[in-house]
Chemist: 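My structure is below; once you've seen it, I'll send some questions.
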Amino acid sequence: MYKILIRPIFFLFDPESIHHFTFSAIRLISKIPGIPALFRLIYNYKDKKLEREVFGIKFPNPVGLAAGFDKDAKLVDELGNFGFGFVEIGTLTPVGQPGNDKPRLFRLPKDKAVINRMGFNNEGVDDAVERLKNRKSKIIVGGNIGKNKVTPNKDAVSDYIKSFKALYDHVDYFVVNVSSPNTPNLRELQEKEPLKELLSEIQHVNYHMPEKKPLLLKIAPDLSDHQLDDIVDIVQSVKLSGIIATNTTISRMNLKTDSSKVESIGAGGLSGRPLKDRATEVITYLNTKLNGEVPIIAVGGIFTGEDAVEKLKAGASLVQVYTGFIYEGPAIIKNINKRILKENL
């Protein structure tokens with residue numbers, strides 16, 4: 001029903017406007033008695049064989065929602081009703097910021113893709129914390145953290161640590177995001193020495209907390225093999241709990257959408273179907289280099305159960321969807337879980 005009736009209507013409107021409308025609609029509908037239970041009945045797919053223990057956390061199933069969809073932790077409970085095994089909020093910054101100028105979100109239906117240059121728009125970590133304090137479900141939540149746009153890279157560690165400390169009691173794992181292409185100079189922090197210093201400082205704080213939380217790094221798909229080797233070295237030396245591969249790409253290769261339209265959209269990170277193969281390549285490379293000893297969360301171009309199985313066979317422990325969720329609708333989670341179970345993975 002989603003792809004036949006709802007999606008065609010949604011795609012008639014501006015992507016960001018319909019995103020906010022959908023949020024409001026889900027929140028409103030979920031307040032009707034019986035609706036959350038109905039969503040769970042329709043979309044949840046439970047089986048003991050789907051459970052995964054990854055970096056010390058027991059996940060009810062391996063399908064999560066990637067960061068960027070619920071930046072401000074406004075729908076954590078409601079999204080849990082659709083069958084996600086976990087939800088990642090953010091990217092959150094210490095101080096709320098509006099992000100980049102609109103329009104900044106664009107669909108490429110021919111490619112089943114999205115281009116965004118949101119720029120870490122969020123209401124700030126403290127607002128998200130207040131919402132997390134009031135959540136009712138026990139769904140696993142990851143906290144994706146970044147730096148404010150006005151914070152120079154030399155002071156970035158302070159931003160990450162502020163958000164880490166604020167979220168510590170309210171999320172189950174952390175993700176350090178230095179791979180978004182939409183915050184000026186942010187990707188410079190992926191270079192070996194700045195990244196190692198940043199992660200070491202955050203990990204130092206982590207080790208001095210009452211309980212060490214899993215700390216993951218989200219990387220770009222545009223890294224060279226040499227840069228991926230640096231990532232491997234950093235992950236091992238800093239003792240990170242895992243990697244999320246991958247963020248959006250700045251590449252525009254092999255798109256079906258007319259090149260003039262793509263050029264008119266301009267800068268931004270591309271997500272969706274065109275990212276599928278590159279994300280799998282990165283996962284395979286990292287898993288091989290790390291001897292399968294560091295968990296990888298796969299994200300990028302996952303639209304079907306087969307796509308998820310491909311990522312798991314490449315070495316991922318968990319998968320996340322974002323653009324696939326937009327194009328396929330909430331049934332995507334159940335469909336992926338059913339296929340994973342069928343493959344006995």
Side-chain angles (χ1 to χ4, degrees), residues 1-26 63-72 74-75 79 82 84 87-88 90-91 98-122 144 177 179-183 220-222 246-279 298-304 307-308 319-333 335-336:
M1 186 178 78
Y2 174 84
K3 288 196 285 185
I4 296 172
L5 295 176
I6 299 174
R7 190 180 72 185
I9 296 172
F10 279 3
F11 277 28
L12 293 173
F13 298 92
D14 168 70
E16 190 168 352
S17 297
I18 208 68
H19 181 83
H20 293 307
F21 170 81
T22 304
F23 257 55
S24 299
I26 292 173
V63 185
L65 180 64
F69 192 87
D70 188 9
K71 291 175 180 288
D72 294 298
K74 291 182 175 180
L75 282 185
L79 288 166
F82 291 121
F84 285 111
V87 170
E88 192 171 306
T91 297
N100 295 323
D101 294 337
K102 299 178 182 180
R104 54 193 181 180
L105 187 61
F106 310 87
R107 301 185 199 95
L108 275 60
K110 289 182 180 178
D111 292 287
K112 289 191 173 181
V114 167
I115 292 175
N116 92 83
R117 50 171 176 271
M118 305 300 288
F120 287 175
N121 59 307
N122 72 106
N144 187 301
N177 186 357
S179 52
S180 169
N182 303 316
T183 295
D222 309 307
T246 62
N247 210 320
T248 57
T249 179
I250 57 174
S251 171
R252 300 292 189 266
M253 295 288 289
N254 303 318
L255 294 179
K256 297 175 184 177
T257 303
D258 187 84
S259 59
S260 61
K261 180 180 178 180
V262 176
E263 289 171 11
S264 70
I265 290 172
L270 176 78
S271 63
R273 201 50 147 170
L275 193 54
K276 183 176 81 75
D277 291 343
R278 177 54 185 164
V299 57
I302 299 174
F303 282 66
T304 66
D307 297 335
V319 299
Q320 290 179 328
V321 295
Y322 180 99
T323 307
F325 186 52
I326 294 170
Y327 277 88
E328 301 297 313
I332 187 175
I333 306 108
N335 292 338
I336 290 174

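Positions are given from 1 along the sequence. Just so it is clear, the values below take in all heavy atoms, side chains as well, and ignore hydrogens, waters and symmetry mates.
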Chemist: Side-chain contact, heavy-atom cut-off 4.5 Å: Lys110 with Asp258?
Modeler: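 Result no, sub-4.5 Å side-chain heavy-atom pair not found.
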
Chemist: Using 4.0 Å as the upper bound for N to carboxylate O, is an ion pair formed by Asp307 and Arg273?
Modeler: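 Answer for the salt bridge query: yes.
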
Chemist: Look at the side chain of Asn100 and the backbone N and O of Arg117, then say whether any donor-acceptor pair between them is shorter than 3.5 Å.
Modeler: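 Yes; judged by distance alone, with no hydrogens or angles, the pair exists.
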
Chemist: For Phe120, enumerate each residue passing the ring pair (Phe, Tyr, Trp, His ring centres under 6.0 Å) test, keeping only those at least two apart in sequence or located in another chain.
Modeler: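 By the ring pair (Phe, Tyr, Trp, His ring centres under 6.0 Å) rule, Phe120 matches no residue at all.
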
Chemist: Do Val262 and Phe106 come close enough that some side-chain heavy atom pair is under 4.5 Å?
Modeler: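 A side-chain contact is absent here, since even the closest heavy-atom pair is not under 4.5 Å.
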
Chemist: Which residue pairs satisfy the salt bridge (charged side-chain N to carboxylate O under 4.0 Å, His left out) criterion with at least one member in residues 324-333, sequence neighbours excluded?
Modeler: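 Every salt bridge (charged side-chain N to carboxylate O under 4.0 Å, His left out) pair that includes a residue of residues 324-333, provided the two are not neighbours, is Lys3-Glu328, Lys112-Glu328.
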
Chemist: Is the backbone N or O of Leu75 less than 3.5 Å from a side-chain atom of Asp70, with the two atoms forming a donor-acceptor pair by type?
Modeler: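 At least one qualifying donor-acceptor pair exists.
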
Chemist: Closer than 3.5 angstrom, by distance alone: can the side chain of Asp111 be matched with the main-chain N or O of Thr257 as a donor-acceptor pair?
Modeler: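 Yes, Asp111 side chain to Thr257 backbone: donor-acceptor pair under 3.5 Å.
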
Chemist: With a 4.5 Å limit on heavy-atom distance, are the side chains of Val321 and Ile336 in contact?
Modeler: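 Touching, per the 4.5 Å side-chain cut-off.
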
Chemist: Any side-chain to backbone donor/acceptor pair from Arg7 onto Tyr327? Under 3.5 Å, distance only.
Modeler: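 It does hold such a pair.
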
Chemist: Would you indicate whether the side-chain heavy atoms of Ile302 and Gln320 approach each other to under 4.5 Å?
Modeler: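 No, their side chains stay 4.5 Å or more apart.
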
Chemist: Has Tyr2 got a side-chain atom pairing as donor or acceptor with Ile326's backbone, closer than 3.5 angstrom?
Modeler: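 At least one qualifying donor-acceptor pair exists.
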
Chemist: Less than 4.5 Å apart, side chain to side chain, heavy atoms only: is that true for Asn335 and Thr304?
Modeler: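 Of all side-chain heavy-atom pairs linking Thr304 with Asn335, none is under 4.5 Å.
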
Chemist: Does Asn182 use its side chain to pair, donor to acceptor, with the backbone of Asn116 at less than 3.5 Å?
Modeler: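 A pair under 3.5 Å: yes.
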
Chemist: So does Phe21 have more than 12 non-hydrogen atoms from other groups sitting under 6.0 Å from CZ?
Modeler: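 Atom CZ in Phe21 is not packed in, count stays at 12 or less.
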
